[in-house]
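One structure below.
Computation of the quantities below employed the complete heavy-atom set of this structure, encompassing side-chain atoms and omitting hydrogens, waters and symmetry-equivalent molecules. Lettering follows sequence order; numbering is per chain, from 1.
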Amino acid sequence: MQKHRMENILKVLNPAQRQAAEAVEGPVLVLAGPGSGKTRVLTHRIAYLVRVCSVEPYNIMAVTFTNKAAKEMRARLETLIGEQLKHLTVGTFHAICARILRREAQHLDIESNFVIYDADDQKRLIREVLHELNLDDKTYRPASVHNAISRAKNELISPEAYDPPSYWYEAVSRVYGHYQKSLTANNALDFDDLLMKVSELFRGNETVLQRYQRRYHFILADEFQDTNHAQYTLLRLLTGKRGNLFVVGDEDQSIYRWRGADFRNVLRFREDYPDSKLFLLEQNYRSTQNILDVAHQVITLNRSRVPKKLWTQNPRGQKIVVFEAYDEHEEAQYVTGEIQRLVSQGECRLRDCAIMYRTNAQSRVLEDAFMRKGMPYKLVGATRFYQRREVKDVLAYLRLIHNPLDTVGLQRIINVPPRGIGRKTMVAVTDWAAQEGIPFYTALQLLREDEDSRRDTEKVNLPPMLPFDTRSRRVLLTFLVLLDDLIAARKTNSLPELLDMVLERANFARYIRNGTDEGEERWSNVMELHSVVQEYASLPAESALTVFLEDVSLVSEVDNLDEKTDAATLLTLHTAKGLEFYAVFIVGMEEGVFPHNRSFGEEEEMEEERRLCYVGITRAKSKLYLVYTFRRTLYGSQVVNEPSRFIRDIPKQLIAGHHPAPSRSTRNVPSPLRWNIPVEAPKVIKPSFSTGDRVQHDSFGEGVVVSSKSSVDDEEVTVAFVGGAGIKRLLASLAGLKKIE
DNA sequence: CTGGTGACAGTTTTT
DNA sequence: CTGTCACCAG
């Protein structure tokens with residue numbers, strides 16, 4: 001019986017995947033190449049634990065890096081273990097840590113209603129501290145300082161333990177200390193704190209740690225190559241002596257070194273758990289052999305990696321295309337034109353095409369081209385919804401209602417919309433509050449008390465301790481009344497009602513809708529927020545706000561990658577990780593752009609660029625285009641760059657039409673890429689489809705082969721599809737047709 | 001207090 | 001060429 005069920009659950013796995021999923025006891029490391037089905041292994045292992053090994057879902061924790069990945073895992077598990085899913089802990093490191101911290105707040109120097117500061121808030125606070133310490137923010141740029149602090153936190157180095165390696169870091173050390181104090185005073189944590197505090201908690205409190213260790217018998221972690229020291233430490237602490245730690249990763253796809261990720265954790269894992277089992281998933285289910293060969297050629301030049309090679313049963317497929325455009329405009333022209341061609345020839349749909357670039361700035365010209373051609377596109381990333389000024393402003397109000405001690409948030413919106421509280425007043429309150437050692441909000445409360453007592457009892461002659469003129473007092477108190485009213489309203493109103501009150505009482509509409517198009521745009525973002533909030537309408541008033549804020553601060557962009565709309569996708573190579581497309585265009589393949597010139601200095605950095613290229617290439621299922629320009633506008637000036645070294649690393653046999661635009665034959669630049677493409681002896685391949693075969697296509701669905709004809713290097717198959725797609729002529733190498741038995 | 005001006009720097013960003 | 005920030009004049 002049990003055996004039978006096991007068959008059911010794991011039968012869809014290949015032998016390597018299955019072995020990994022079945023290795024129940026002890027530490028397991030799975031090195032999983034792109035497209036090798038790692039999520040599948042993770043989910044099936046969980047299903048196996050629950051359904052075959054009778055492990056309580058309550059005792060399992062699965063950690064991911066993105067909410068998207070967590071969501072996807074949940075969705076897949078739903079079909080495997082059904083409603084048992086709800087007892088399972090699935091989430092991002094940060095979300096799981098935030099939950100733990102709220103529950104265990106009493107053991108820490110923080111209230112359980114703490115707010116989570118995002119990058120923006122963090123930078124504000126840093127700037128404030130720099131000011132406080134009279135540090136020049138030219139030498140100590142907030143971004144750099146913050147970066148240094150963040151790195152320290154990722155390494156679990158506290159301000160006390162921080163050992164500055166140079167004079168510059170001496171200052172960082174001081175800022176770090178103050179910054180941390182400020183966070184505590186604001187009852188706030190930054191992203192890094194979420195991890196660091198939990199690790200401190202676990203290390204400092206054996207009882208608490210044991211409670212969690214007793215609960216979680218099995219820990220699984222995705223994207224292990226992207227863990228930083230803090231995250232790895234957490235995994236180890238939670239795992240404890242039981243040792244059931246299952247991690248899946250791929251060093252070749254580690255692209256977040258600059259954020260503290262350390263793929264050497266993969267090596268460390270094997271040292272820390274010498275008895276761990278290692279599984280390699282090298283079969284790729286995504287790409288053509290040709291694309292995998294290209295990817296291999298690029299990644300294999302990295303020194304620090306475990307040698308491995310992907311293989312596939314997919315057809316060899318078409319050669320990849322390398323194209324030189326004159327400039328970024330022609331580049332965009334070429335790419336959109338090519339996509340148009342693919343779509344009109346019925347090879348794929350718009351949504352099967354993606355354009356990837358190294359830096360966000362490159363998206364502009366592409367967007368232009370799409371717009372001019374009237375082709376729909378979706379842009380991933382850009383200005384994230386929750387990062388938009390107007391959205392953040394409104395959110396700051398909500399956060400203040402939740403936690404009025406959040407001074408950064410308070411300072412953000414105390415004069416938004418403008419209500420006459422300017423710099424001078426702010427400095428006065430801030431100084432006074434600092435002097436008294438109280439939060440800003442408390443200072444306002446004292447001010448009101450002072451005001452009240454003056455009015456009530458004229459006898460009481462309070463010292464004129466408050467250095468404000470009448471006007472400042474008045475505007476400050478008006479604001480306090482507003483805030484307190486909102487705080488009071490929270491108890492009795494639903495979240496949407498509360499949001500309406502904020503908008504109304506603060507006069508947001510009038511402030512934002514200033515008559516310009518941009519104003520309308522911003523207002524529609526606020527309205528968008530309003531519709532998000534509707535989803536929390538049914539929650540009890542008391543908890544709705546808490547839940548909402550938690551979701552918002554840990555959710556990056558809502559997956560605006562909805563699969564429904566048919567549009568091409570524009571995204572950075574970084575955000576492309578984990579996705580796949582029929583056709584991938586990587587643009588800006590030029591020295592200085594990709595690899596980015598910031599990576600020229602250090603070998604390690606360059607290796608990361610190379611991994612990034614590998615990630616990009618392996619997103620493609622069937623078609624891959626690498627595009628570079630002869631000259632490009634960068635920061636407003638024209639530069640001429642060499643084609644990317646990554647292109648040079650690809651053997652010519654893997655590249656098809658390298659079409660130099662004819663109009664430019666006069667161009668006086670001997671491109672190192674003017675190869676002569678060797679003309680291969682045409683060979684006719686053996687047909688693999690014949691009339692009457694039933695076949696399956698990724699996008700067109702099921703169909704019947706009408707005719708099939710071999711041509712040079714490929715096979716042209718005519719298929720009548722069952723649904724609306726009708727009759728299509730397809731190239732066997734590209735279409736990914738599968739026969740149905 | 002507000003809005004305007006000039007200097008300046010400028011990857012990537014799962015949380 | 002941007003966007004951001006500090007600073008200064010109304």
Of dT15(B), dT12(B), dT13(B), the nucleotide closest to the side chain of Thr66(A) is dT15(B)
Separation of dT13(B) atom C1' from His574(A) atom NE2, nearest Å, is 8 Å
To the nearest angstrom, the CZ-C1' distance between Phe93(A) and dT15(B) comes to 11 Å
Taken to the nearest whole Å, CG/Leu189(A) to P/dT15(B) is 18 Å
Side-chain N,O (Asn228(A)) to OP1/OP2 (dT15(B)) below 4.0 Å: no
Smallest heavy-atom separation, Asp118(A) atom then Lys392(A) atom, equals OD2-NZ, 2.7 Å
Can you check the distance between dT4(C) and dT13(B), where both ends of the measurement are the P atom (answer in whole Å)? 16 Å
Contacts of Arg141(A) and Ala261(A) projected onto DNA chain B by closest heavy atom; the upstream (5') one is Arg141(A)
Q) Do any N or O atoms from the side chain of Asn415(A) and from the backbone of Gly420(A) form a donor-acceptor pair under 3.5 angstrom? A) yes
Does Arg259(A) get its side chain close enough to the base of dT15(B), under 3.5 Å, for a donor-acceptor pair? yes
To the nearest angstrom, the CD-C1' distance between Glu609(A) and dT11(B) comes to 8 Å
To the nearest angstrom, the CG-C1' distance between Leu571(A) and dT11(B) comes to 15 Å
- Message: Using a 4.0 Å heavy-atom cut-off, does Lys424(A) contact any base of the nucleic acid, only the sugar-phosphate backbone, or nothing at all?
- Response: sugar-phosphate
Identify whether any heavy atom of Arg364(A) sits under 4.0 Å from a base atom; if not, whether one sits that close to sugar-phosphate; answer base, sugar-phosphate or nothing. sugar-phosphate
The correct set of residues in residues 586-599 of chain A placing a heavy atom under 4.0 Å from DNA chain B is His596(A), Arg598(A)
Rounded to whole Å, the CD-C1' distance (Glu608(A) to dT12(B)) equals 9 Å
**Asked** For Glu132(A), does the CD atom have more than 12 heavy-atom neighbours from other residues, nucleotides or ligands under 6.0 Å away?
**Response** yes
Over 12 non-hydrogen atoms of neighbours within 6.0 angstrom of CZ in Arg103(A): yes
Taking the six-membered ring of Phe114(A) (Phe, Tyr or Trp), confirm whether the NZ or CZ of Arg102(A) is under 6.0 Å from its centre and within 45° of its axis.
-> yes
From the list Asn228(A), Thr227(A), Asp226(A), side chain to side chain donor-acceptor pair (under 3.5 Å) with Asn265(A) holds only for Thr227(A)
Handout entry: Heavy atoms of other groups near Arg124(A) CZ, more than 12 under 6.0 Å
Key = yes
Measuring only between side-chain heavy atoms, which start at C-beta, is Val552(A) closer than 4.5 Å to Phe548(A)? yes
| said: Over 60° means perpendicular and under 30° means parallel, so tell me whether Tyr140(A) and Trp168(A) are parallel, tilted or perpendicular. | reply: parallel
Report task. Classify the nucleic acid contact of Tyr256(A) as base, sugar-phosphate or nothing, counting any heavy atom under 4.0 Å across all strands shown. Result -> base
_I want to check one thing: is the phosphate of dG10(B), taken as OP1 and OP2, less than 4.0 Å away from some side-chain N or O of Asn360(A)?_
no
Measuring to OP1 and OP2 of dT13(B), would you say a side-chain N or O of Thr572(A) lies under 4.0 angstrom away? yes
On DNA chain B, more 5' by nearest nucleotide between Leu612(A) and Ile421(A) is Ile421(A)
Residues in residues 113-128 of chain A with a heavy atom under 4.0 Å of DNA chain B, by number, are none
Classify the angle between the aromatic ring planes of Tyr179(A) and His146(A) as parallel (below 30°), tilted (30 to 60°) or perpendicular (above 60°). perpendicular
Atom CG of Leu573(A) and atom C1' of dT13(B) are separated, to the nearest Å, by 14 Å
Among dT13(B), dT15(B), dT2(B), the one nearest any side-chain atom of Pro418(A) is dT2(B)
Item to check | Side-chain heavy atoms of Met61(A) within contact of Leu238(A), under 4.5 Å | outcome: yes
Item to complete: Would you say whether Trp258(A) stacks on dT13(B)? The test is a distance between ring centres of less than 5.5 Å and an angle between planes of less than 30°.
Response: no
* Does any N or O in the side chain of Ser199(A) come within less than 3.5 Å of the main-chain N or O of Leu195(A), such that one atom is a donor and the other an acceptor? -> no
Note: chain A reaches DNA chain C at heavy-atom distances under 4.0 Å over the stretch, first to last nt, 5' to 3', of dC1(C) to dA6(C)
To the nearest angstrom, the NZ-C1' distance between Lys577(A) and dT15(B) comes to 13 Å
(request) Determine the interplanar angle of the His574(A) and Tyr256(A) rings, folded into 0 to 90°, and report it as parallel if under 30°, tilted if 30 to 60°, perpendicular if over 60°. (result) tilted
